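Working notes, beginning with the structure itself.
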Amino acid sequence: HTLSEEISGRYALIDLWTSWCGPCRKTSVSMIPVYNKYRDSGFTIVGVARERSMASFLKALERDGYPWLSLVDVDDVNGIWELYGKTDAAGGTYLVDRDGIIVAVDPKAEEVEAILSKAL
């Protein structure tokens, strides 16, 4: 998978999270209603977890039930987080428009919905 292929031509939320980050997972769960409302209108979410093991990743996915594509970068082999300037432990979210331009950094679910309601 590449993020550019997964989000091409759509509004997308890139969600960088980890299984052990409570605030990250809370943010991700808060996006589920927004995703369900706009997924058929040209919106997607792609999660990228930064993990040390697949087991932690799979357990978090099962518990939280994210309905979107969830990828994992074990031991930073692919350097996805670094590409987004996240070299520390904190996750983050990036709302990207159809042209691949970041339009919001770390938006709340309400902010994403407000943007999508005007754009889609």
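Owing to the predicted nature of the structure, the values given are computational and were not obtained by experimental measurement.
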Could you grab the distance from atom OG1 of Thr93 to atom CD1 of Ile45, nearest 0.5 Å is fine? 9.5 Å
Would you tabulate the side-chain donor-acceptor contacts of residues 6-16 under 3.5 Å, counting partners in other chains and residues two or more places apart, or write 'none'?
from, atom 1, to, atom 2, distance (Å)
Glu6, OE2, His1, ND1, 2.7
Arg10, NH2, Glu6, O, 2.4
Asp15, OD1, Ser28, OG, 3.4
Asp15, OD2, Ser28, OG, 2.5

Connected via hydrophobic side-chain network under 4.5 Å: Leu95 and Trp68: yes
Any idea which heavy atoms bring Val29 and Pro33 closest together, and the distance? O-CD, 3.8 Å
Do Phe43 and Tyr94 belong together in a cluster built from hydrophobic side chains that touch within less than 4.5 Å? no
To check you understand the geometry: which heavy-atom pair defines the closest contact between Ser30 and Ala109, and what is its length? O-CB, 3.4 Å
Could you see if Trp20 belongs to whatever hydrophobic cluster contains Leu58? Use Ile, Leu, Val, Met, Phe, Trp, Tyr and a side-chain cutoff under 4.5 Å. no
Is it the case that the side chain of Asn78 and the backbone of Asp73 share a donor-acceptor pair, with hydrogens and angles ignored and the cut-off at 3.5 Å? no
Give me the atom names and distance for the closest heavy-atom approach of Gly65 to Ile32. O-CD1, 4.1 Å
Should the heavy atoms of other residues, nucleotides or ligands under 6.0 Å from CZ of Arg63 be counted, would the total exceed 12? no
Are the side chain of Asp97 and the backbone of Asp99 linked by a donor-acceptor contact shorter than 3.5 Å? yes
Nearest non-hydrogen partners of Ser41 and Leu120, listed with the distance: O-CD2, 3.5 Å
Which heavy atom in Ser56 sits nearest to a heavy atom in Ser19, and how many Å separate them? CB-OG, 3.4 Å
Are any of the side-chain heavy atoms of Val48 and Leu3 separated by less than 4.5 Å? yes
Is it the case that more than 12 heavy atoms not belonging to Arg39 sit under 6.0 Å from its CZ atom? yes
Linking I/L/V/M/F/W/Y whenever their side-chain heavy atoms sit closer than 4.5 Å, directly or via other members, would Val74 and Leu61 fall into one cluster? yes
Checking ring-ring contact (aromatic ring centres under 6.0 Å, His included) between Tyr66 and each of Trp17, Tyr35, Phe57, which is the one that passes? Trp17
Does the pair Tyr38 and Glu113 meet the rule for a side chain to side chain contact (heavy atoms under 4.5 Å, CB included), with working shown? CA-CA 9 Å; Tyr38 291 98; Glu113 184 160 12; 3.8 Å; yes
When rounded to the nearest 0.5 angstrom, what is the spacing between NZ in Lys59 and CE in Met54? 15.0 Å
Going hydrophobic residue to hydrophobic residue with side-chain gaps under 4.5 angstrom, can you get from Ile102 over to Leu116? no
Of Arg25, Arg52, Arg50, which meets side chain to side chain contact (heavy atoms under 4.5 Å, CB included) against Thr18? Arg50
